[in-house]
Amino acid sequence: MPPPVRRKTIVLVLVLGAVLALASVAHAGNGGFAPLTPHSPNARRINDSYVWISIFAGGIFVLVEGTLLWFVVRYRRRGRPRTVEGPQIHGATRLELIWTGIPVLILAAIASFVFYKLPGIQDVPAAKAEGGPLRIQVNAHQFYWQFTYPDGSISIDELHAPVNRTVRVDITSQDVDHSWWVPELGGKFDAIPGHRTHTWFKADQLGTYRGRCGEFCGVFHAEMKAVVDVQTRAEYTAWLSSAASDLGRSEWQGACAKCHGPQGEGGYGPKISNNALLTQAQGLEQLIRNGRNKMPPVARGWSDEQVRSLVAYLKQKVYKGTSSGG
Ligand code: CUA
């Protein structure tokens with residue numbers, strides 16, 4: 001073995017080491033490579049499975065790529081004629097058993113770990129001490145999330161929940177397929193019209209957790225963001241009692257402003273702040289319940305109370321009066 005090859009091998013190993021070191025730095029700062037820090041037991045178990053699988057995947061990647069690079073250098077042509085054949089070898093029983101046995105063991109280790117974690121990810125805890133989980137309905141619409149609480153309160157795009165409380169969310173869709181996804185609080189769940197799926201979370205920390213629709217559902221898919229506001233129990237209760245008075249604003253921001261602009265000044269959808277229809281309760285109800293042309297029926301499935309809240313809000317806060325100039 002001539003010394004230059006060894007030197008190059010050393011360089012390769014060092015480069016590989018540097019790459020791995022950089023990757024771990026990026027991982028520490030989470031530069032977008034690793035999942036967000038989980039804040040719910042189910043999300044934590046999903047994360048554990050991710051880490052466990054990554055250990056094997058990372059090891060295999062280094063082994064395969066390292067061997068590849070090593071062979072490329074070690075067995076390069078060195079000026080031999082292209083027609084020269086290497087020694088022909090047939091069968092290596094021991095080696096073949098090893099490279100079959102090890103992957104089988106790896107897959108068994110991965111599968112066992114994931115199946116061990118699965119019930120803790122999927123099954124909603126009974127939460128008997130608290131009288132069962134808090135149940136919140138999630139109803140996806142083009143292009144917002146509607147949340148209904150046990151007392152009938154409703155919010156749009158902002159889910160309020162008490163900290164350290166098991167929350168079961170039942171998910172469905174009013175129109176097309178969407179997907180409920182709050183990475184820090186658990187996995188991704190399809191929202192399918194006419195069908196109900198469920199998941200749960202138990203947030204371990206106060207704060208705001210970001211979610212988004214995980215399924216392409218139309219032009220405003222990217223605006224279908226949700227926020228889970230995890231509050232103290234007192235804050236949550238206080239919020240519930242104020243939810244009804246805030247419903248109109250919540251509906252405006254979630255269902256209307258994304259298209260028509262924050263002040264109704266127009267955006268993807270037309271300017272509406274000077275449209276007299278905003279003051280005509282019946283015509284307006286028709287429009288939002290049934291949609292028209294490109295406008296989706298944003299209020300499909302709404303209660304009369306919900307429609308009244310939005311109509312009142314539009315009249316008071318959005319309508320600026322018809323003007324010949326505007
Ligand atoms: Cu809803 Cu994408």
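Treat the numbers as computed from the prediction; the structure is a model and nothing was measured. Both counts, for ligands and for their atoms, begin at 1 and track the order of listing.
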Aromatic contact, Trp52 with Phe113 (centres under 6.0 Å): yes
Side chain to side chain donor-acceptor pair (under 3.5 Å) assessment of Trp181 paired with Glu215: CA-CA 9 Å; Trp181 189 31; Glu215 174 115 18; over 6 Å; no
Any donor-acceptor pair under 3.5 Å from Arg289 side chain to Trp302 backbone: yes
Cluster link Trp200 to Ile136, ILVMFWY, side chain under 4.5 Å: no
Test of ring centre spacing under 6.0 Å for Tyr209 and Phe201: no
Under-2.8 Å protein N/O/S neighbours of atom 2 (Cu) of ligand 1, ordered by chain then residue number: Cys213 SG, Glu215 O, Cys217 SG, His221 ND1
Shortest non-hydrogen separation from Pro103 to Ile98 and the atoms involved: CD-O, 4.1 Å
